[in-house]
Student: 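Structure in structure tokens, see below.
Per chain, numbering begins at 1; letters A, B, ... match sequence-line order.
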Amino acid sequence: MAQNTPYGHLVGTATIYVAPLTAGAAEAEPDVNVSDPTSGTNFVVLGETDGDQVIQRTGALTFFSDNDHTGPRKAVRPEEGMTVRATLVNLTLEQRAYALSLASSAVTSDAGPPAIKQLPNKRGYYPTVYTLLVKGTVHSPYGALPAQFYIPMGVFDGEPSETYAKDGRPGLEFIYTALEDTAQSSGDEFGHLTAQTA
Amino acid sequence: MAEVDPYEALIKLAAADADIASVTGGRVAMRHRYGQQTGDWSQTAASLVLLPAGGLQRTDVDIYEFQVEARCYGDTPYLAGTVLRALRDWTRNVAKSTVAVVEGTALVYYAIIASNARLIIDDDVRAGEGMPAYLVQLNAAVYGATV
């Protein structure tokens with residue numbers, strides 16, 4: 001047997017939660033063992049996604065070498081970033097507003113008749129900043145325990161399109177891109193990954 | 001650490017589910033027992049039969065990734081459907097689930113329904129009449145050793 005880490009193999013998808021900033025401050029991170037992060041917080045479930053959920057750390061290294069060596073002698077990371085990609089298939093106007101980085105107040109309603117809700121097509125100059133929580137109930141590599149990515153600030157990037165088909169359904173593919181939150185501790189500006197161990 | 005039977009793990013985990021146990025009366029097995037001389041199941045009783053149907057062995061990481069043909073038997077198509085729905089509901093909750101097997105404790109990573117149901121009338125049961133059963137494919141993964 002090559003190794004013996006049965007719980008280190010992670011399976012299943014995560015639930016994605018989103019929260020607006022409060023007076024410019026990120027929503028605080030709930031404890032990882034909280035089963036419902038929406039309880040007592042401003043987090044709401046972003047909505048059902050379909051397909052892969054991709055968490056990516058970006059930022060290639062730049063290597064430096066000199067005339068005395070054949071290999072690189074130093075490396076720096078001049079830029080870095082973090083993104084969360086998925087395809088939202090719960091397309092209520094409220095869920096779309098998040099994936100388009102609009103404020104939730106962008107959805108307006110009228111009692112009618114007919115009763116309606118509206119979402120503007122124009123997204124505007126400044127995207128609304130959100131806190132993101134990507135939580136898997138058994139994503140801890142230390143047991144059948146939860147783990148979560150907490151990203152204090154970020155915006156929903158991308159140019160999502162809705163494709164309607166006779167035998168298909170549209171989904172909004174979003175790319176949540178982290179912004180540095182300087183109010184966080186040093187090294188935690190993009191948040192962190194928390195895994196429960198016991 | 002001891003090697004486990006992945007099919008035993010999956011069957012015992014399914015049998016331990018309260019809803020599946022309720023609709024099948026605990027009749028969850030790798031092969032049906034309708035018309036058997038010993039341990040006979042009533043010809044009208046619902047059951048869940050999980051037949052191995054191929055897959056992969058990830059020996060480098062000691063994981064079985066396999067398919068199972070799930071047969072949801074019922075006296076009528078409707079009753080077979082109640083077994084299917086219990087099975088479907090159960091699969092939503094399988095995530096790094098542990099279950100007691102002969103060798104110790106097994107770890108089932110997931111069990112996912114990978115196909116829509118096909119209704120058959122199994123002529124091997126209830127000769128001349130057959131018995132309704134819904135067939136679905138399950139994809140599952142089980143760790144190869146006890147945990």
Student: Does atom CG (Asp110(A)) have a neighbourhood of more than 12 heavy atoms from anything else shown, all under 6.0 Å?
Tutor: yes
Student: Could you see if Leu179(A) belongs to whatever hydrophobic cluster contains Met82(A)? Use Ile, Leu, Val, Met, Phe, Trp, Tyr and a side-chain cutoff under 4.5 Å.
Tutor: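 No; Met82(A) is not reachable from Leu179(A) via cluster members.
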Student: Verify the neighbour count for atom CD of Glu162(A): are there more than 12 heavy atoms of other residues, nucleotides or ligands below 6.0 Å?
Tutor: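 Yes, CD of Glu162(A) has more than 12 neighbouring heavy atoms, counting only those of other groups under 6.0 Å.
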Student: In terms of heavy-atom proximity below 4.5 Å to chain B, should Val138(A) be classed as side chain, backbone, both, or neither?
Tutor: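 It is both, since atoms from each part get that close.
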Student: Less than 4.5 Å to any heavy atom of chain B: does that hold for the side chain of Ser140(A), its backbone, both, or neither?
Tutor: backbone
Student: Hydrophobic cluster membership, with links at side-chain heavy-atom distances under 4.5 Å among I/L/V/M/F/W/Y: are Leu88(A) and Leu133(A) in one?
Tutor: no
Student: Would a single hydrophobic cluster contain both Trp90(B) and Tyr73(B), if residues Ile, Leu, Val, Met, Phe, Trp and Tyr are joined by side-chain heavy-atom contacts under 4.5 Å?
Tutor: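 In one cluster: no.
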Student: Say whether Leu102(A) and Val107(A) are linked into one hydrophobic cluster, either directly or through other cluster members, by side-chain heavy-atom distances under 4.5 angstrom.
Tutor: yes
Student: Considering heavy atoms only, which positions within residues 28-56 of chain B lie below 4.5 Å of chain A?
Tutor: none
Student: Side-chain heavy atoms under 4.5 angstrom apart, residues restricted to Ile, Leu, Val, Met, Phe, Trp, Tyr: same cluster for Phe43(A) and Leu132(A)?
Tutor: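 Not linked; separate clusters.
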Student: If you count every heavy atom of other residues, nucleotides or ligands that lies below 6.0 Å from Arg57(A) atom CZ, does the total exceed 12?
Tutor: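 Count not over threshold, so no.
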Student: Using a heavy-atom cutoff of under 4.5 Å, enumerate the residues of residues 94-133 of chain B that contact chain A, numbered in order, or state 'none'.
Tutor: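 Within residues 94-133 of chain B, the residues that come under 4.5 Å of chain A (heavy atoms only) are Ala95(B), Lys96(B), Thr98(B), Leu107(B), Tyr109(B), Tyr110(B).
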